[in-house]
Protein chains: 2
Amino acid sequence: MAIDHLDGRLIVLLAREPRIGVLEASRRLGVARGTVQARMDRLQSNGVIRGFGPDVDPAALGYPVTAFATLEIKQGQGADVRAHLATVAEVLELHTITGHGDMLCRLVARSNADLQRVIDRVVGFDGIVRASTAIVMENPVPLRIIPLVEQASDDTEPG
Amino acid sequence: MAIDHLDGRLIVLLAREPRIGVLEASRRLGVARGTVQARMDRLQSNGVIRGFGPDVDPAALGYPVTAFATLEIKQGQGADVRAHLATVAEVLELHTITGHGDMLCRLVARSNADLQRVIDRVVGFDGIVRASTAIVMENPVPLRIIPLVEQASDDTEPG
DNA sequence: TATTCGCTGGGCAATATGCGCAGCAGAACA
DNA sequence: TGTTCTGCTGCGCATATTGCCCAGCGAATA
């Protein structure tokens, strides 16, 4: 479950040079090829590494606007709302949360005007009582995981 | 900029079988190897595909708790706050959003109790006036991009 | 009509992969 | 103290893939 320092270095290396081969990775890390192979297998069957899916930029696809919407759901309609939102391609992720509002979702749109269409599509569903939207202006820290990986691997093996 | 249907199929294929080679991809798509190579190069230099970084699961690293925090920032302290949050490994992403100079960030923690430590760390900074946190309970739609890719490629080439 | 562009299909040397193997050091354990 | 695991090493081999070249060809374009 926990990762050691070699795992951490391997993940960082993979993040930096994603299309690197096992052999080259073993050279960079200074370990045997079989070791890298075994570590990668373990990390993947552990679920630490879910996959190596291509990291697609919505903006480059023509969806440069990102927003977060907090949704208030009618009692007992949760499952229907989830199913509805799953069918909307512009809904990139959906969470159920504590506190004010019941769900939080990340939306993308082709423009600010187009965002209105997306929101209408999202909230145009019976179970949704109210939606409150915040448009993203800047993204000073894009989604990242490497610092956490380094922290986790340092926790395990301080050397 | 826009992607055609072949690009879409290629991205979907890469998403489904990430460690696939160029040759195998060309066989699956029924096109020449050079074509796949050229498309991949183009998608990457376009910025449509940012990379193939390993998709690491924070939960498997020992951080199963996710939360979103909305921050209220003291006027003119934005840059300092951004720099501060960038140093906190548990801050996985940070956005500035519309409203009153506010920010939205995604946090992870080792437990609900540990989340308190993270929040203290986040808000224990001069420029932050107030923080409101929503803990994620379920994640019905994990971060995804494939439906949007399919939509974008269908827009371009309906056939 | 001439040109450009993207795709095809082939060939080539160099490289990487998947796989198996034995040896070895350290840790756990009786 | 001796035994058993476990993980890493370093090696070899057959096969598959890569990176790079080329000429031809059809469609769109000037």
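Just so it is clear, the model here is predicted, and its values are computed rather than measured. The analysis underlying the following values was restricted to heavy atoms, covering all of them including side chains, and did not include hydrogens, waters or symmetry mates. Just so it is clear: chains get the letters A, B, ... in the order the sequence lines come, proteins before strands, and each one is counted from 1.
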- [ ] Would you give a per-nucleotide map of nucleotides 13-29 of chain D, 5' to 3', where B means the base has a protein non-hydrogen atom under 4.0 Å away, S means only the sugar-phosphate does, and - means neither?
- [x] ----SBBB---------
Open item on the list: With a 4.0 Å cut-off on N to O distance, would you call B:Arg117 and B:Asp120 a salt bridge?
Closed with: no
Open item on the list: Does A:Arg16 have more than 12 heavy atoms from other residues, nucleotides or ligands lying within 6.0 Å of its CZ?
Closed with: no
Open item on the list: For B:Phe52, is there any backbone N or O sitting under 3.5 Å from a side-chain donor or acceptor partner on A:Arg19?
Closed with: no
- [ ] Please determine if A:Arg110 forms a cation-pi arrangement with A:Tyr63, meaning its NZ or CZ atom is less than 6.0 Å from the six-membered ring centre and no more than 45° off the ring axis.
- [x] yes
TODO: Indicate, with a heavy-atom threshold strictly under 4.0 Å, whether B:Arg39 touches base, sugar-phosphate, or nothing.
DONE: sugar-phosphate
Open item on the list: Working note: B:Arg39 + B:Asp4, criterion salt bridge (charged side-chain N to carboxylate O under 4.0 Å, His left out); need CA distance, chi angles, decisive distance, verdict.
Closed with: CA-CA 10 Å; B:Arg39 293 302 187 108; B:Asp4 70 10; 2.9 Å; yes
Open item on the list: With a 4.5 Å cut-off on side-chain heavy-atom distances among I, L, V, M, F, W and Y, is there a chain of contacts connecting B:Leu92 to B:Ile97?
Closed with: no
Task: Outermost nucleotides of DNA chain C that come under 4.0 Å of a non-hydrogen atom of chain B - done: C:dC7 to C:dG11
Task: Cluster link B:Val108 to B:Val122, ILVMFWY, side chain under 4.5 Å - done: no
Open item on the list: So does B:Val136 get a backbone contact from the side chain of B:Thr66, meaning a donor-acceptor N/O pair under 3.5 Å?
Closed with: no
